[in-house]
Amino acid sequence: MKKNLLLISMMCLSMSMTAQPKSRVIEDGGTGPYKIVMTEAEGLPEHTVFVPQDLSVFNAQHPLPVLVWGNGACANSPFEHMNFLNEIASHGYLVLATGIIPMTDEWYRGPMSKSEQQIESIDWAYAQNADPKSPLYQKIDLKNLCVAGMSCGGLQTLFNCADPRIKALMICNSGLFNQQNAGQAVGGMPMPPKEKLNEIHTPIIYILGGSEDIAYGNGMDDFHRISHVPAAALNFPVGHGGTYRQPHGGEFTIAALAWLDWQLKGDKEAAKMLTGPDCGLLKREGWTIEKNDLFDKSVK
């Protein structure tokens, strides 16, 4: 415990030499092999970084893939998703979440986030990897970066989908509105037209909460329109709220890690969780999956 606290202190100090950033360890740093600290970071205001407490094991030969995250309800804090994001990071990822760090478990009440904050996360990752003064110098795998988000955060992700630096997309409890149901959208959400799907240039996965998810219709409609890149739609019948707030993010973490490990780490065992007629995810109670013609063929 003392060693972990020392590593946290070193990390926070190195992130900002002028002011002590806020930081927090949740769920004992996650169950993965790398214990995580949730922290603020210099040069990235209104964002939360989930990063290994001990960065000494990472280098240019063993860098951290990146998950960029946008929150549900356009919240400018990842309070609702911190268990989920923390657990993903503990399996060897740098997670950059839109919004101010949640120092309590209370519901966020404040201004909405913006789609541009995801681009700020990507820009920051590039800058840190190139800065010899950064503790993340040459420790970030910029070739393997996934942009993702839940509900409004999924809309923000699709708004940014054309960025050439993106390797994969993950849309959670979300999907683009069409003309028939656009009036159901909350004010302030990004509202790209369905034609935006044509700008996707990477594999994409939708993780939805089943037919009771208010985003189910939009997400499944998106999926059925995508034929030019590998795409899949996963459903777990829990509704729009997903399992993010459950210990370690619940079942949604299982699906998300399978996707990220396959797409960003080339893990063939992870690919088996999602591909083939008898994929591993279907052996877990409650899950269903639909795939387009390119999805299983994309396994290398």
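Computed from heavy atoms alone, side chains included, the values below leave out hydrogens, waters and symmetry copies. Everything numeric in this text was worked out from a predicted model, so none of it was measured.
- Judged by distance alone, the side chain of K196 and the main-chain N or O of F159 form a donor-acceptor pair under 3.5 Å.
- Donor-acceptor pairing under 3.5 Å is lacking for the side chains of D163 and N160.
- Note on L55: it does not cluster hydrophobically with Y137, by side-chain heavy-atom contacts below 4.5 Å among ILVMFWY residues.
- F177 and I226 fall within the same hydrophobic cluster, where Ile, Leu, Val, Met, Phe, Trp and Tyr residues are linked whenever their side-chain heavy atoms come under 4.5 Å apart, directly or through other members.
- F84 and F252 have their aromatic ring centers separated by at least 6.0 angstrom.
- A donor atom on one side chain and an acceptor atom on the other are not found under 3.5 Å apart for Q117 and T98.
- Cluster membership for W107 and I101, using ILVMFWY side-chain heavy atoms within less than 4.5 angstrom, is not shared.
- Rounding to the nearest 0.5 Å places CG of L136 at 7.5 Å from CG of L64.
- Hydrophobic clustering, with ILVMFWY side chains joined whenever heavy atoms are under 4.5 angstrom apart, groups L142 together with V49.
- At a threshold of 4.5 Å between non-hydrogen side-chain atoms, the residues I171 and I204 count as touching.
- Both the sub-6.0 Å distance and the 45° axial angle are satisfied by R165 relative to the ring of Y126.
- For the residue pair H240 / D213, a side-chain donor-acceptor distance below 3.5 Å is found, with atom types taken as modelled.
- In this structure, W69 has its ring center closer than 6.0 angstrom to the ring center of H81.
- Checked against ring pair (Phe, Tyr, Trp, His ring centres under 6.0 Å), F223 has no partners two or more places apart in sequence or in another chain.
- Considering only heavy atoms from C-beta on, S298 comes within 4.5 Å of W262 through its side chain.
- Within the model, atoms CE of M150 and CG of L85 stand 12.0 Å from one another, a figure rounded to the nearest 0.5 Å.
- K265 forms a cation-pi arrangement with Y93, by the criterion of a distance under 6.0 Å to the ring centre and an angle within 45° of the ring axis.
- Atom CG of N129 is separated from atom NZ of K139 by 10.0 Å, given to the nearest 0.5 angstrom.
- Using modelled atom types and a 3.5 Å distance limit, the side chains of E40 and S23 yield no donor-acceptor pair.
- E80 and N71 share no side-chain donor-acceptor pair at under 3.5 Å.
- Between D105 and M82 there is a side-chain heavy-atom pair separated by less than 4.5 Å.
- Within the 4.5 Å cutoff, side-chain heavy atoms of M220 are placed close to those of E290.
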(message) The test is salt bridge (Lys or Arg N to Asp or Glu O under 4.0 Å); show your working for D296 and K291 and say whether it passes.
(response) CA-CA 8 Å; D296 283 356; K291 299 172 278 190; 3.3 Å; yes

